[in-house]
Amino acid sequence: MERGPEVFAGVAFALFGAVLLVWTGVCARTGAPVADGVARPVATGTALLAGVVFLVTGCALLAEL
């Protein structure tokens, strides 16, 4: 059975989640806005939550292999 799509999806989700977490951390540390037109705590919290969800989903997909 070919597992190409599962591997691609797992790597894409995990990579996106990790990069989103790093980017959000850098923005929060430097004081740069995380999202335009959104309150800083809401934007930071939402981005962190999304990053964790994507990272966990990607890791779960890769763990099933």
Side-chain angles (χ1 to χ4, degrees):
M1 178 187 289
E2 185 178 330
R3 296 186 181 213
E6 290 87 2
V7 172
F8 175 77
V11 170
F13 272 82
L15 185 61
F16 179 74
V19 170
L20 183 59
L21 288 173
V22 169
W23 176 78
T24 305
V26 169
C27 286
R29 185 172 173 93
T30 62
V34 176
D36 289 332
V38 182
R40 186 178 303 262
V42 174
T44 304
T46 303
L48 288 174
L49 178 64
V52 169
V53 168
F54 276 102
L55 185 60
V56 168
T57 302
C59 290
L61 287 170
L62 291 173
E64 289 181 7
L65 303 176

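Residues: numbered from 1 along the sequence shown.
- Between the CG atom of Leu20 and the CG atom of Leu15 there is a distance of 11.0 Å, given to the nearest 0.5 Å.
- Contact record, Val34 with Thr44: CG2-OG1, 3.6 Å, taken as the closest heavy-atom pair.
- A donor-acceptor pair under 3.5 Å links the side-chain atoms of Arg40 to the main chain of Ala32, judged by distance alone.
- Distance check, rounded to the nearest 0.5 Å: CG of Leu65 to CZ of Arg3 gives 5.5 Å.
- Minimum heavy-atom separation, Ala35 to Ala43: CB-CB, 4.0 Å.
- Here the straight-line distance linking atom CZ of Phe16 with atom OG1 of Thr57 works out to 11.5 Å at 0.5 Å rounding.
- Both Leu48 and Leu55 are assigned to one and the same hydrophobic cluster, defined by single-linkage of ILVMFWY side chains at heavy-atom distances under 4.5 Å.
- Val42 and Leu49 fall into different hydrophobic clusters, where Ile, Leu, Val, Met, Phe, Trp and Tyr side chains are chained together by heavy-atom contacts under 4.5 Å.
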